[in-house]
Amino acid sequence: MNILEEVTNILDLLYKHGWDERNGGNLSMLLSEREVLEVVKEIKITKTFHYDFDLGELINKYFIITATSSYFKNMKSDPSSNLGILKVIDKNTLGLVWGYTNGGKPTSEAPTHLKSHIERLKVDANSRVIIHCHPTNLIAMTHLVPISNKKYTEILWKMQTESIVVFPEGVSILPWMVCGGEEIAIETAKLMKEYRSVIWTAHGIFASGNSLDETFGLIETIEKAAIIYLKICDKKYFNVINNDNLIELAKAFNVNYRHGIID
Ligand code: 2HA
Ligand code: ZN
């Protein structure tokens with residue numbers, strides 16, 4: 001499978017989960033030159049896109065990025081107009097190497113993606129993928145639970161056994177903000193220094209990872225915990241995962257979980 005097939009398969013799955021209605025959501029992935037050369041015969045810049053912030057740490061890196069206003073529903077049938085492969089050619093410029101054939105440009109959330117890649121790469125040299133999508137139940141949960149990284153982490157960890165194993169660092173959450181801009185990009189990237197996932201109140205999630213499967217799996221696991229939360233939050237609980245259970249679980253799976261939440 002080449003990289004375009006891998007990326008469009010995940011985009012299609014995200015759509016089928018109902019997390020990317022209309023033009024909702026966006027994805028970016030760091031590519032090696034070898035992966036780029038599976039798509040194009042030679043690397044030639046045909047167009048440039050300028051950004052006001054500093055991309056210096058990403059110079060010479062390649063990214064595949066969904067186009068602005070593109071529909072995940074259409075990614076598989078028409079990848080070349082809905083996706084672009086870009087090279088960071090200087091500290092303020094992305095050069096188009098492939099794609100965006102209908103005159104497209106990178107997603108409006110490109111500032112958040114690029115700033116978040118910079119932060120994730122500082123903590124994990126293998127970090128490659130950032131996915132933004134709109135998981136229904138997680139969004140619903142943000143209407144009910146006060147904004148607190150600690151609170152969201154505790155609730156989501158306690159909904160199912162898998163959670164603490166899949167996201168031992170917990171989750172983070174931003175209050176409602178205008179999307180697509182510099183402010184939300186800065187705030188998201190700040191949280192990405194410590195968390196692979198940032199929930200956006202009444203909007204969705206930004207999640208990062210070392211592969212498409214891992215990043216998708218992180219979103220699935222968080223959304224699954226939110227589904228369980230919504231099913232039981234207004235009911236009387238009889239059996240719960242308590243703090244001691246989580247600590248025991250973390251020990252059994254050798255999980256280095258974030259401290260200060262259950263202990
Ligand atoms: O339009 O999801 O956050 C794509 C989005 C914006
Ligand atoms: Zn969105």
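Order of listing sets the numbers, starting from 1, for every ligand and every atom in it. All values below were derived from every heavy atom in this structure, side-chain atoms included, with hydrogens, water molecules and symmetry-related copies excluded.
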When you check the side-chain N and O atoms of [X] and [Y], is any donor under 3.5 Å from an acceptor?
X      : Y      : result
Gln160 : Ser163 : yes
Lys158 : Asn243 : yes
Glu223 : Asn137 : yes

*Examine Arg128 relative to Phe63 and say whether NZ or CZ is less than 6.0 Å from the centre of the six-membered ring and inside a 45° cone about the ring axis.*
no
_Shortest non-hydrogen contact from Ala185 toward Pro111_ = CB-C, 3.8 Å
*Locate the shortest heavy-atom distance separating Leu30 from Glu35; write the atom from each residue and the value.*
O-OE1, 4.3 Å
For ligand 1, what N or O to protein N or O distances fall under 3.5 Å?
from: ligand 1; atom 1: 1 (O); to: Asn23; atom 2: O; distance (Å): 3.3
from: ligand 1; atom 1: 2 (O); to: Gly25; atom 2: N; distance (Å): 2.9
from: ligand 1; atom 1: 2 (O); to: His132; atom 2: NE2; distance (Å): 3.2
from: ligand 1; atom 1: 2 (O); to: His134; atom 2: NE2; distance (Å): 2.9
from: ligand 1; atom 1: 3 (O); to: Glu109; atom 2: OE2; distance (Å): 2.5
from: ligand 1; atom 1: 3 (O); to: His132; atom 2: NE2; distance (Å): 3.2
from: ligand 1; atom 1: 3 (O); to: His203; atom 2: NE2; distance (Å): 3.0

*Candidate list Leu11, Asn23, Asn82, Thr8, test side chain to side chain contact (heavy atoms under 4.5 Å, CB included), partner Asn74, passing option*: Asn82
*asked:* How about CZ on Phe216, more than 12 heavy atoms from neighbouring residues, nucleotides or ligands closer than 6.0 Å, or not?
replied: yes
*asked:* Which label fits His134 and His132: parallel for a plane angle under 30°, tilted from 30 to 60°, or perpendicular past 60°?
replied: perpendicular
*Sort by chain and number the protein N/O/S atoms that are closer than 2.8 Å to the Zn ion (ligand 2), and list them.*
His132 NE2, His134 NE2, His203 NE2
